[in-house]
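Below, all heavy atoms of this structure are taken into account, side chains as well, without hydrogens, waters or symmetry copies.
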Amino acid sequence: MQKIVMITGCSSGIGHELAVQLNQRGWKVYATARKAENLETLREAGCRTMQLDVTIPRQVEETVDKIIAECGHLDMLINNAGYGLIAPAVEIPADELFRQFQTNFFGVMDLTRKVTGVMKTQKEGKIINIGSISGIAPTPFSAAYCASKAAIHAASDVLRMELKPFGIRVITVQPGGISTDFGRNCEKTVGRILQPDSLYAPIEKFVYHRANTSQEKATPVSEFVHKLIPRIVQHDPPSVIRIGKRSHTLPLMKRLLPEKILDRMMMKKYGLNLLRME
């Protein structure tokens, strides 16, 4: 029986490459994204493409129901949709903060809730949650993004235990720096939120620098996915998978370095040491 996978956030980056490579491996891929027109190349490659905004519960319900109606089963869900909100923590408007969690966390939980029923009936299935190393080692100007990914990690740990009795495996992927459009998209959030009278206006360039940090000497996305797929398709996959630049060094620094030293390093890297009280 052909394996069925549903992937969110396939318009570019990790989601797009996962769809390409799993399709090449013979999986029946349901590639979804908020804008269907961004999925045309995947459709031409043989993937099934569907519009899905993970922040709209009705679309979540209808999309999963359609896949089950067509295939009768679902072997794997890859929760990949998300974006990075970069801005000073105290200057993030409440609606922007909610939007970050609505996409990066609540959408994941809605999809997980929806597929659990069919996977329990099958007595097997895998849910792959794409977190981030940023959820382990937070950095200045990324409070919302880091918190949303930390929430994914915590929820995945719980889901892994709660769903195991039903044959459902939950795997958390914590990528390091992966070469995608992530930095360019993060810059847009900086431009949208950072105001001329910001407390951090004197070091504005460092805020923008944080938006692109993940792209410094980043691992090519095709290489990342090529290493990831064998780990998630195996019968007994690891609970947590870390791949990519700094995916091991940053957690190690977080664990071993005293907080004062790590704080000082991060403050210097992102220009906070240049700010002084008048």
Across all chains, not counting sequence neighbours, the side chain to side chain contact (heavy atoms under 4.5 Å, CB included) partners of A147 are F101
Any residue meeting ring pair (Phe, Tyr, Trp, His ring centres under 6.0 Å) with Y83, in chain and number order, not counting sequence neighbours: none
Using only heavy-atom distances, determine whether the side chains of T180 and H16 contain a donor-acceptor pair under 3.5 Å. no
Pairs touching residues 255-267 that satisfy side chain to side chain donor-acceptor pair (under 3.5 Å), sequence neighbours left out: none
Sorted by chain and number, sequence neighbours left out, side chain to side chain contact (heavy atoms under 4.5 Å, CB included) with K164 holds for none
What's the shortest heavy-atom distance between G135 and A150, and which atoms? O-CB, 3.6 Å
What one should report as the nearest heavy-atom pair of S134 and R210 is OG-NH2, 3.6 Å
Any link between V64 and F106 through a network of hydrophobic side chains (Ile, Leu, Val, Met, Phe, Trp, Tyr) touching at under 4.5 Å? yes
Which pairs, with at least one residue in residues 125-150 and sequence neighbours excluded, count as a salt bridge (Lys or Arg N to Asp or Glu O under 4.0 Å)? none
Would you list the pairs meeting ring pair (Phe, Tyr, Trp, His ring centres under 6.0 Å) in which at least one residue belongs to residues 124-168, sequence neighbours left out? F141-Y200, Y145-F182
Sequence neighbours excluded, every pair satisfying salt bridge (Lys or Arg N to Asp or Glu O under 4.0 Å) that has a member inside residues 182-202: E96-R192, D181-R184
Within residues 226-262 or reaching into it, pairs that qualify as ring pair (Phe, Tyr, Trp, His ring centres under 6.0 Å) - sequence neighbours excluded: none
How would you list all residue pairs meeting salt bridge (Lys or Arg N to Asp or Glu O under 4.0 Å) that involve residues 114-125, not counting sequence neighbours? E61-K114, D65-K114
Taking salt bridge (Lys or Arg N to Asp or Glu O under 4.0 Å) as the definition, give me every residue that meets it alongside E91, ordered by chain and number, with sequence neighbours left out. none
Run the side-chain donor-acceptor check on residues 19-35: report pairs under 3.5 Å with partners two or more places apart or on a different chain.
from : atom 1 : to   : atom 2 : distance (Å)
Q21  : NE2    : E17  : OE2    : 2.8
Q21  : NE2    : S222 : O      : 3.2
N23  : ND2    : A45  : O      : 3.0
Y30  : OH     : E70  : OE1    : 2.6
T32  : OG1    : I7   : O      : 2.9

Please name the residue in the list L111, T8, I128 that meets the side chain to side chain contact (heavy atoms under 4.5 Å, CB included) test with I78. I128
For the residue pair N129 / S156, report whether a side-chain donor-acceptor contact shorter than 3.5 Å exists. yes
Between Q100 (side chain) and S148 (backbone), is there a donor-acceptor pair under 3.5 Å? no
Can you list every pair that meets salt bridge (Lys or Arg N to Asp or Glu O under 4.0 Å) and has a residue in residues 235-248, with sequence neighbours left out? R169-D236
Single-linkage hydrophobic cluster I152~M109, side-chain heavy atoms < 4.5 angstrom: yes
Flag the pair E62 and K66 as a salt bridge only when some basic side-chain nitrogen lies within less than 4.0 angstrom of an acidic carboxylate oxygen. no
Candidate list T139, L262, I133, I136, test side chain to side chain contact (heavy atoms under 4.5 Å, CB included), partner L250, passing option: I133
Please check this pair: side chain of T121 against backbone of G117, looking for a donor-acceptor N/O pair closer than 3.5 Å. yes
